[in-house]
Every structure is written in structure tokens, then in C-alpha cells.
2 protein chains.
Amino acid sequence: MTEENRSHDEVLREALEEHGHRYTEQRAAVYRFLASTDKHPTAEDVFLAVRNDVPVISLATVYKSLETLVSCGLAQKLTYGESSTRYDGRTDPHHHARCLACDRIVDVPGTLPSEDLEEMDRETTQFRVTGYRLEFTGYCASCHSEEAGTAPALA
Amino acid sequence: MTEENRSHDEVLREALEEHGHRYTEQRAAVYRFLASTDKHPTAEDVFLAVRNDVPVISLATVYKSLETLVSCGLAQKLTYGESSTRYDGRTDPHHHARCLACDRIVDVPGTLPSEDLEEMDRETTQFRVTGYRLEFTGYCASCHSEEAGTAPALA
DNA sequence: GTATCTGCAAATTTTTTGCCAGTAG
DNA sequence: CTACTGGCAAAAAATTTGCAGATAC
């Protein structure tokens, strides 16, 4: 393993431990793959890719591992109208641009959106922006009291 | 029917015609319900609600009708990690806030997001904002040429 | 040693489809 | 009339679950 891989493993071990989960080869492989790609793979994509690294892993385990990573804050779940859920291993603040033609998802740097579409257009590399959608997360009036646990910076 | 309902029907007729679809009682009932609520119902919610208005309608027809409305620009499809797809009959520019506790979805007025979370907090009525997510839509570098048809203002 | 995890297959859940009769235009 | 629609039931697609054996710690 390279130094970078060892670093990934350490990050993973720490996060898992902190959340009361165990380190396993399957979870490590899923995390390594997610962290190594800037594509935004589906569970099946991850399954197919990880098969090459790990002797045997099942699709169900990939689903379970992804869920575990998300719950540890090491991955993000992205859903769109079409097809399957996508997963993103980047944990720094950023946004996404989805191509209406090919469904590719591209990362957009930055935390706050620009003031106008033109600037957005420039920010999203090589991407011609036609629209956007903003979703806030938090707690509604009737749920303020139940607000427990952590508040994700980017949900 | 009230005047408002007649107006809904006219809007619907026009939009359907424009897209080469026919006006039917089922589509009208689905559209009327969607336009009358500020909740963001699932297909099943729509099915149950519409049953009261229309003698007989099937869940499959509700799915087909919703798909038709979306394709005519009369409704929006909203997907989140959890459970089913939600539908929104509002067609003016606005955003959404989702409660992490109860999954309720609240409308947020305005087109461009505010500069800071505090202001967002004020904008989203009674909603305590902890995070947000921004999704651009458009066409990636390799798909520029294929860019055909209409570009939705808010996808 | 023991609680957690994995793989497998079966179950669930959500959405789509094929087909024939019914209806809009 | 004739093509588009709706209902029904079956299919498909995506994700989850129960369980028994394997594994981390």
C-alpha cells in the first residue's frame, strides 16, 4: 500500500471507531474506491469496481458499507430523479452539476453560490449551466425540540 | 367548479395540447390536487387524495399522469435519499427546505440564495436551517452539441 | 469469547410496462 | 374513426433484511 492508502485507512479506522463500528476489508475497499474517484458512482458501480480489489464482496455488503460511511460522515448520498442513488466520497464543502444529456455529475468548488448564472457558468468547469436547485436542510417549527445530535454542514 | 378550478383546467388543457397530450379527468384531478396543496406529496399520497374526487383511478395512472404533468412543465419531481419521490405543483421559482426530523418539505420563496445561513434562516419560515445543498443542471463539455430543446429555469 | 459483520437469497418497496377495452378529439 | 389513455396485474429495478457462519478486537 502506498502512503496515501495508509492515510485513507487511518482516516477510516478513526471514523469507524468513533461511531462504534469495526474496521473491515470490505469497508476499506469501498472507502478507498470512493475516495479515489471524482465520478459519482452508484452502489452497483462501487460493487463492480471493488470486486477487482477484494476477493469477494456482495452487493448487499456494498450497500451496507456505503450506509456506514455516510453515517460516519465519510461519504455523501446524492439522489436524482433518474435511476439509482449516487455516492460521493468528497467531504469538503462543494456542490454538484448534473448533465441533462449524459447524467454525468461534476463537482463544483465553493460553498456559497454565485450571484448570477453567468458566474456559476464560469465556476462549473466546462459546464453550461441552465438551471439550479437549492435544498435546505434543518428542522421545521414543530421539530425544533427534537433537534438532537450533529448538524451536518452540507447535507 | 369554482372559477379557480376552471382556470386550472384551462391551464392544463393548454399545456397538454401544446405537448400533444389529451385532456382527461384523471390528469385533471391529479393536477387539481397538486396545485391545491403546499405539501409535497408522493405518488401514493396523490393517489389516495384523488380517489375522493374521481370515481376510479389506479396508482399506475397516477404515476403516468404525474409523469405527463412534469413533462409539460406543470409539476416538479423532487427526490431525496429517503423513501419515495415527491411532487410539487408550484411552477414559480422557489426552493425547498426539508426537515431532518419529520421529512416535511417546506417551500422557500425567492430565486437566488442568501449570502449567509442566518438570512436563509429568516427566509425559510419557522425553519431552523443547518445546511443546504446546491445542484446545478445543464450540459457538460462533451454534451454541448447535443443540447436540444428547452432549458428549464429551475430543474 | 462475543458482539459485529459478511454473503446469500429471499423479501420489500417503488415504479414501470403490456395488453385490451374505453374515450377524446 | 383512430390514436391516445386508463385499469389491471405482472414485471422490473433498487434496496433492505433474516439468518448462519466468519471475523475483529
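Here is how names work: the chains are called A, B, and so on, in the same order as the sequence lines, proteins then strands, and each is numbered from 1. As a basis for the values below, the full set of heavy atoms in this structure was taken, side chains included, without hydrogen atoms, waters or symmetry mates.
- For the 3.5 Å distance criterion, the side chains of B/Asp9 and B/Tyr23 qualify, holding a donor opposite an acceptor.
- Distance A/Lys64 NZ to D/dC19 P: 13 Å, rounded to the nearest Å.
- Between A/Ser58 and C/dG7 there is a side-chain N or O to OP1 or OP2 distance below 4.0 Å.
- With no hydrogens or angles considered, a side-chain donor-acceptor pair links B/His40 and B/Asp107 at under 3.5 Å.
- Using a 30° and 60° split on the angle between ring planes, A/His19 and A/His21 fall in the parallel class, below 30°.
- A straight line from OH of A/Tyr63 to C1' of C/dG7 spans 16 Å, rounded to a whole angstrom.
- Following rounding to the nearest Å, A/Tyr87 (OH) and D/dA14 (P) show an atom-to-atom distance of 13 Å.
- Between B/Leu59 atom CG and C/dT14 atom P there is a gap of 10 Å when expressed in whole angstrom units.
- Checked by atom type and distance alone, the side chain of B/His95 pairs as donor or acceptor with a backbone atom of A/Leu134 at under 3.5 Å.
- Under the 3.5 Å distance criterion, the side-chain polar atoms of A/Arg27 are matched with a main-chain donor or acceptor of A/Arg22.
- Rounding to whole angstrom units, CZ of residue B/Arg86 and P of C/dT14 are separated by 12 Å.
- Residue B/Thr85 places at least one side-chain N or O under 4.0 Å from the OP1 or OP2 atom of C/dT15.
- With the nearest nucleotide of DNA chain C identified for both A/Thr24 and B/Tyr23, A/Thr24 has the one nearer the 5' end.
- The phosphate of D/dA13 has neither OP1 nor OP2 within less than 4.0 Å of any side-chain N or O from A/Ser84.
- The distance between atom CZ of A/Phe47 and atom P of C/dC8, rounded to the nearest whole Å, is 9 Å.
- One can place CZ of B/Arg27 at 11 Å from P of D/dC4, the figure rounded to the nearest angstrom.
- Between the NE2 atom of B/His19 and the P atom of D/dT5 there is a distance of 13 Å, rounded to whole Å.
- Considering only side-chain atoms of B/Arg22, the nucleotide from C/dA3, D/dC4, D/dG7 that sits closest is D/dC4.
- Under 4.0 angstrom from either OP1 or OP2 of D/dG7 there lies at least one side-chain N or O belonging to B/Gln26.
- With D/dT15, D/dG7, C/dG7 as the candidates, the nucleotide lying closest to the side chain of A/Thr61 is C/dG7.
- Mapping B/Ala60 and B/Glu17 onto DNA chain C by nearest heavy atom places B/Ala60 at the nucleotide closer to the 5' end.
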